[in-house]
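Here's the structure, in structure tokens; my notes come after.
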Amino acid sequence: MVSREVPAAPGLVVEDVETGWCGAVVRVEKAGGVRVVVLEDWKGRTRSFPLGAGFLEDGAPVVLVPPVAPPPAARGPVAPGRTASGSFAVAGQRARVARGSRIWVEGKHDAELVEKVWGDDLRVEGVVVEGLQGVDHLAAAVAEFRPGPGRRVGVLVDHLVTGSKETRLVADALRGVPGAAEHVLVVGHPYVDVWQAVRPARLGMSAWPVVPKGRPWKEGVLEALGWPRETPADLAQGWQRVLRSVRTIADLEPTLSGRVEELIDFVTGDQLDS
């Protein structure tokens, strides 16, 4: 079978024939003078492989080639002079040195969505977004971070609704930690998974599918959409299809976008700390 050339675009899921490693393309870079592709598996682990032949996509052999940047008109309906978040773009602005303050999000998908919409703004403001790996770890993370003047933390939590486990964990995390009351802000959205924060119309739906209780939510959604769902690579590919549908802040539900804007305002206000 003749291998076809495929651009190594971020989100493309491939398998390395020699090792069996399967993952989504994160980026293409040079290492030791050789161009390599970085693949991330479903657990968030990454490995680099020489760009070229030796990969499978959906079982078919492919040759990975450098991705081609789309022309400006293909990047989505962002107004001239505006970022994806709707802010005024600052021409020629270098990224600011990172602040001491941080934004924490619960998982990889949350971080990728925030980066896609607010990434330009965050670089100008010098705000770093870090993964929390679950609200269960919030108490230890806050205590280790030692919040205080000039070291604020804004936290975005999934499914933060009255009476939920997440609400109780947040209360416990902030109780008794020095500086937390003044320098930590925890906000959340009501969704089981951040996928639901993307307006369903962007995927041709009137509403997100209702998944029966006890069924893994992502797998249930992929089944309802008729998308592959059997392997971790299927889940990764499904998320990339969702993420690609997002062009600007207008493609997100206000129950998410409003909370992210609130966190950005909070952490960039750290210069007001006495």
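All of these numbers come straight from a predicted model, not from anything done at the bench. Only this structure's heavy atoms are used, side chains among them; waters, hydrogens and symmetry mates stay out. Each residue takes its place number in the sequence, starting with 1.
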Item to complete: Test Val198 against Ser245 for side chain to side chain contact (heavy atoms under 4.5 Å, CB included), laying out the working first.
Response: CA-CA 8 Å; Val198 177; Ser245 76; 3.7 Å; yes

Gap between atom [atom2] of [Y] and atom [atom1] of [X] - 0.5 Å precision:
{"X": "Leu160", "Y": "Arg259", "atom1": "CG", "atom2": "CZ", "value": "10.5 Å"}
{"X": "Ile264", "Y": "Ser101", "atom1": "CD1", "atom2": "OG", "value": "13.0 Å"}
{"X": "Leu56", "Y": "Asp16", "atom1": "CG", "atom2": "CG", "value": "8.5 Å"}
{"X": "Asp110", "Y": "Leu256", "atom1": "CG", "atom2": "CG", "value": "8.0 Å"}
{"X": "Trp239", "Y": "Glu112", "atom1": "CH2", "atom2": "CD", "value": "6.5 Å"}
{"X": "His189", "Y": "Ser257", "atom1": "NE2", "atom2": "OG", "value": "11.5 Å"}

Shared hydrophobic cluster, [X] / [Y] (ILVMFWY, side-chain heavy atoms < 4.5 Å):
{"X": "Val63", "Y": "Val17", "answer": "no"}
{"X": "Val34", "Y": "Val38", "answer": "no"}
{"X": "Val128", "Y": "Val153", "answer": "no"}
{"X": "Val194", "Y": "Trp217", "answer": "yes"}
{"X": "Leu243", "Y": "Val13", "answer": "no"}

Which atom pair, heavy atoms only, marks the closest approach of [X] to [Y]?
{"X": "Pro200", "Y": "Ser206", "result": "CG-O, 3.9 Å"}
{"X": "Pro67", "Y": "Pro7", "result": "CA-CB, 4.0 Å"}
{"X": "Val135", "Y": "Leu132", "result": "CA-CD2, 4.1 Å"}
{"X": "Leu156", "Y": "Gly188", "result": "CD1-CA, 4.4 Å"}
{"X": "Leu51", "Y": "Leu64", "result": "CG-O, 3.4 Å"}

Fill in: Neighbour count above 12 (heavy atom, 6.0 Å) for Arg146 CZ
no

Between [Y] and [X], is there a side-chain heavy-atom distance shorter than 4.5 Å?
{"X": "Glu261", "Y": "Ile249", "result": "yes"}
{"X": "Asp158", "Y": "Asp193", "result": "no"}
{"X": "Leu122", "Y": "Val114", "result": "yes"}
{"X": "Leu263", "Y": "Leu185", "result": "yes"}
{"X": "Thr268", "Y": "Arg99", "result": "yes"}
{"X": "Tyr191", "Y": "Glu253", "result": "yes"}
{"X": "Phe49", "Y": "Val36", "result": "no"}
{"X": "Leu222", "Y": "Pro228", "result": "no"}

Worksheet item: When the ring planes of Phe145 and Trp104 are compared, do they come out parallel, tilted or perpendicular, using 30° and 60° as the limits?
Response: perpendicular

Worksheet item: Side-chain donor-acceptor pair under 3.5 Å between Trp227 and Gln237, yes or no?
Response: no

Practice prompt. Pick out which of Val26, Leu12, Val25, Thr46 makes a side-chain contact (heavy atoms from CB on, under 4.5 Å) with Leu39.
Written response: Val25

Item to complete: Before giving the answer on side chain to side chain contact (heavy atoms under 4.5 Å, CB included), spell out for Leu225 and Met205 the whole-Å C-alpha distance, their side-chain angles and the decisive distance to 0.1 Å.
Response: CA-CA 9 Å; Leu225 292 174; Met205 305 181 293; 3.1 Å; yes

Pair [X] + [Y], salt bridge at N-O below 4.0 Å:
{"X": "Lys108", "Y": "Glu40", "result": "yes"}
{"X": "Glu219", "Y": "Arg215", "result": "no"}
{"X": "Glu182", "Y": "Arg152", "result": "no"}

Fill in: Side-chain (Gln240) to main-chain (Ala236) donor-acceptor, under 3.5 angstrom
no

Practice prompt. Evaluate the side chain to side chain contact (heavy atoms under 4.5 Å, CB included) criterion for residues Val127 and Trp118: first the C-alpha distance (whole Å), next the side-chain angles of each, then the deciding distance (0.1 Å), finally the verdict.
Written response: CA-CA 10 Å; Val127 177; Trp118 289 275; over 6 Å; no

Worksheet item: Going through the distances and angles, do Glu57 and Val6 end up as a side chain to side chain contact (heavy atoms under 4.5 Å, CB included)?
Response: CA-CA 9 Å; Glu57 182 194 16; Val6 176; 4.0 Å; yes

Worksheet item: In this structure, which one of Lys116, Arg199, Arg202 forms a salt bridge (charged side-chain N to carboxylate O under 4.0 Å, His left out) with Asp251?
Response: Arg202

